[in-house]
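Being a predicted model, the structure only gives us computed values, none of them experimental.
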Amino acid sequence: MYTGLLHAHSGFRYIILILMLVVIVQSYLGWMRQRKFSNVHKRIGAISMSFIHLQFIIGLVLFFMSSKVMFDAEMFGSTLVRFFTLEHPLMMLIAIGLITVGQVKSKPFSNYQSHKRLFWTNLVGLILIIASIPWPFRAQLGAGWF
């Protein structure tokens, strides 16, 4: 079960990154062209946010199942344990909170300011997510592409 969830968690990240890029581009264009914030825009943002929340739930289950997560005095001495116990969950939680607040605050309005709010919250959230993913080129973390 752990391996399946880990692969799902790793695979969903690509779907989420693509969805977030779509939301960011769409929001930027809507903001710059001062377009009305329509139901299509709300739906795309809601789909992206739903996938992000699903990813969070899978990550939360993995957090409590993983052998890389330890709460002891030596946690800060190991890069791997510190990353998966503290850094990764904390940065992801901040990014998810920011994206969710941006999406919720954008819904009641129908003007281009909603695009601006959605653009900035998703852009900062995307930067936080990219910074806290255990990419394969970060050799000390031992993660793969999938």
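Between S106 and S114, the shortest heavy-atom distance links the atoms O-OG, 3.1 Å. Closest approach of M49 and T100 over heavy atoms only: SD-CA, 3.7 Å. Annotation for M92 and S132: closest pair CE-OG, 3.2 Å, computed over non-hydrogen atoms. Residue T121 comes nearest to G102 through the heavy atom pair OG1-CA, 3.5 Å, listed as atom of the first residue, atom of the second, then distance.
Taking CZ from F12 and CG from L19, the interatomic distance works out to 10.5 Å, rounded to the nearest 0.5 Å. One finds the CG atom of L93 at 9.5 Å from the CG atom of L60 (value rounded to the nearest 0.5 Å). Atom CE of M70 is separated from atom CZ of R82 by 13.0 Å, given to the nearest 0.5 angstrom. Here the CD1 atom belonging to I15 is positioned 11.5 Å from the OG atom belonging to S48, to the nearest 0.5 angstrom. Residue Y2 holds its OH atom at 6.0 Å from CG of L62, rounded to the nearest 0.5 Å. Between atom NE2 of residue H7 and atom CD1 of residue I58 there is a gap of 13.0 Å, rounded to the nearest 0.5 Å.
Put simply, the side chain of F83 reaches to within 4.5 Å of the side chain of P134, judged on heavy atoms. Proximity of I99 to M20: side-chain heavy atoms (C-beta onward) are separated by under 4.5 Å at one or more points. With a 4.5 Å cut-off on side-chain heavy atoms, L118 and Q103 count as touching. Counting heavy atoms from C-beta outward, V69 and T85 have side chains that approach closer than 4.5 Å.
Checked options L98, L21, I24; the residue passing with L123 is I24 (criterion: side chain to side chain contact (heavy atoms under 4.5 Å, CB included)). Considering W120, F37, Y28 in turn, F37 is the only one that fulfils the ring pair (Phe, Tyr, Trp, His ring centres under 6.0 Å) rule with H115.
Clustering ILVMFWY residues whenever any of their side-chain heavy atoms sit less than 4.5 angstrom apart, transitively, puts V104 in a cluster other than the one holding F119. L17 and I94 fall into different hydrophobic clusters, defined by Ile, Leu, Val, Met, Phe, Trp and Tyr side-chain heavy atoms under 4.5 Å apart, directly or through other members. V23 and V101 fall into different hydrophobic clusters, where Ile, Leu, Val, Met, Phe, Trp and Tyr side chains are chained together by heavy-atom contacts under 4.5 Å. Cluster annotation: V61 and I52 are assigned to the same hydrophobic cluster (Ile/Leu/Val/Met/Phe/Trp/Tyr, side-chain heavy-atom contacts under 4.5 Å, transitive). Hydrophobic cluster membership is shared by M65 and L54, with clusters built from Ile, Leu, Val, Met, Phe, Trp and Tyr side chains linked at under 4.5 angstrom.
No side-chain donor-acceptor contact under 3.5 Å links Q55 to the backbone of I16. A donor-acceptor pair is defined here as one N or O able to donate and one able to accept, closer than 3.5 Å; such a pair exists between the side chain of R13 and the backbone of S10.
In this pair, F63 and F71 present their aromatic rings perpendicular. The plane angle is above 60°, beyond the 30 to 60° band.
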* To do: Check step by step if side chain to side chain donor-acceptor pair (under 3.5 Å) holds for H41 and S38.
  => CA-CA 5 Å; H41 300 116; S38 67; 3.0 Å; yes
* **Working for side chain to side chain contact (heavy atoms under 4.5 Å, CB included), residues Q26 and I44** => CA-CA 9 Å; Q26 167 228 313; I44 292 171; 3.4 Å; yes
